[in-house]
There are 2 protein chains.
Amino acid sequence: MRIVLNKKDMNMRQTRQKEAILSVVHGEGIHMTAEEIFAAVQEKEPGIGLATVYRNLKSLCDAGIIQKVTAEDRSFYDGCGDPHDHFLCTECGKIEDVPSFESRELNSFLTKQIRGKVHRHASVYFGICEDCLGERDRKITS
Amino acid sequence: MRIVLNKKDMNMRQTRQKEAILSVVHGEGIHMTAEEIFAAVQEKEPGIGLATVYRNLKSLCDAGIIQKVTAEDRSFYDGCGDPHDHFLCTECGKIEDVPSFESRELNSFLTKQIRGKVHRHASVYFGICEDCLGERDRKITS
DNA sequence: CTTCGTGCAAATTATTTGCATGGCA
DNA sequence: TGCCATGCAAATAATTTGCACGAAG
């Protein structure tokens, strides 16, 4: 299927390479590093350059279609441009989306702490995911 | 003054370079990039190598004396190793410490979202700081 | 047709590592 | 004295940029 770009992207040209990249990274729950994306796109669009991948990832981020997230010195591209947070399993390295926590309490806390205006935030939670917890129990029990 | 290292650092040797680095980066409200630290340490300890700065920053992080924070593709070292969050002014680039927000509501939210265990988190708030807001008002008024 | 996107290689930037030597414990 | 830390230079890793050419609008 052809992914139709929207208003925000008026200034960008529709190319085979961009469509291939978009088809790989766009979507909920997708978190890939630049190299992973490069490898995956290779299959759909052999001969594509790494620089092209980086250039497109950047413009897709600028357009708000995807976003770049950095945690623990590792960067990955999140297929969803809408604001949300992340959970990173320190055991298996898996990344999961988490909706942003919002509350009146948090807002008043921030207003008190930061005298200025907060526009957005980026949070990453670190811990052990459900699967890895299960894995541990299994080892202990057996 | 000589900064005395504690238990956590038993395995590290006390050197002039380490003390110089520590005297530059250790403390609340200090947020510097590796290059800034390198430049500042030069003055106290001329001839120190950039690699030494990086090596010491890493071991100080491992020891929990300081911590590395990355936001918007920029990394800086936070002079305080205790967990807390940050506010970054997108206008002037200033970074401020913010205590971590904790609440029962947030905990139950996270438990519901992430079926695993959360051990820590890293949050960066983006916005306009008090000073830059004032600056804007002044421009509009005048 | 004109302008922008692409591929490739070279350039940057940030950080790490190998090695011989010097200095803490 | 023994071993870890340092300085320097070279090595990596991740990302960006210059340039000539091909393709989108």
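Numbered from 1 within each chain, the chains take letters A, B, ... in sequence-line order.
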Are there any protein N/O atoms within less than 3.5 Å of an N/O atom in nucleotides 3-5 of chain C, and if so, which ones and at what distance?
residue, atom, partner, partner atom, Å
C/dT3, O2, A/R13, NH1, 3.0
C/dT3, O2, A/R13, NH2, 3.0
C/dC4, O4', A/R13, NH1, 3.2
C/dC4, O4', A/R13, NH2, 3.0
C/dC4, O2, A/R13, NH1, 3.2

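- Residues satisfying the ring-ring contact (aromatic ring centres under 6.0 Å, His included) criterion with A/Y125, sequence neighbours excluded, are B/H121.
- Between the CZ atom of A/R16 and the P atom of C/dG7 there is a distance of 8 Å, rounded to whole Å.
- Between B/D73 and B/V53, the residue anchored nearer the 5' end of DNA chain D, judged by the nucleotide with its closest heavy atom, is B/V53.
- No donor-acceptor pair closer than 3.5 Å links the side chain of B/D85 to the backbone N or O of B/V98.
- Taking five base pairs at each end of the helix from C/dC1-D/dG25 to C/dA25-D/dT1 and finding the rotation axis that steps the C1' atoms of four pairs onto the next four gives two axes whose angle is 40°, to the nearest 10°.
- A sub-4.0 Å separation between OP1 or OP2 of C/dT16 and a side-chain N or O of B/Y54 is absent.
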Considering only distance and modelled atom types, tabulate donor-acceptor pairs under 3.5 Å from the side chains of residues 48-59 of chain B, sequence neighbours left out.
residue, atom, partner, partner atom, Å
B/N56, OD1, B/K18, NZ, 3.3
B/N56, ND2, B/T52, O, 3.1
B/S59, OG, B/N56, O, 3.2

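- At the phosphate of C/dT15, neither OP1 nor OP2 sits under 4.0 Å from any side-chain N or O atom of B/K58.
- Legend: residues meeting salt bridge (charged side-chain N to carboxylate O under 4.0 Å, His left out) with A/D131, ordered by chain and number and at least two apart, are A/K94.
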For this session: Quick one: do A/R74 and A/E36 satisfy salt bridge (Lys or Arg N to Asp or Glu O under 4.0 Å)? Show the steps, please.
Result: CA-CA 13 Å; A/R74 287 175 50 77; A/E36 285 168 351; 5.0 Å; no
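- Nearer to the 5' terminus of DNA chain C, by closest-nucleotide assignment, is the contact made by A/E45 (compared with the other of A/E45 and B/K68).
- The nearest whole Å value for the distance from the CD atom in B/E35 to the C1' atom in C/dA14 is 8 Å.
- Here CD1 of A/I30 is found 12.5 Å from CD1 of A/I95. Values are rounded to the nearest 0.5 Å.
- Residues passing the side chain to side chain contact (heavy atoms under 4.5 Å, CB included) test with A/R115, sequence neighbours excluded: B/E130.
- Backbone-only contact: A/I48 has heavy atoms under 4.0 Å from sugar-phosphate atoms and none from a base.
- If you take CD on A/E45 and OG on A/S23, they are separated by 9.5 Å, rounding to the nearest 0.5 Å.
- Atom CZ of A/F38 and atom P of C/dT6 are 14 Å apart (whole Å).
- For the pair A/F76/A/M32, no side-chain contact is recorded, criterion being any heavy-atom separation below 4.5 Å from C-beta on.
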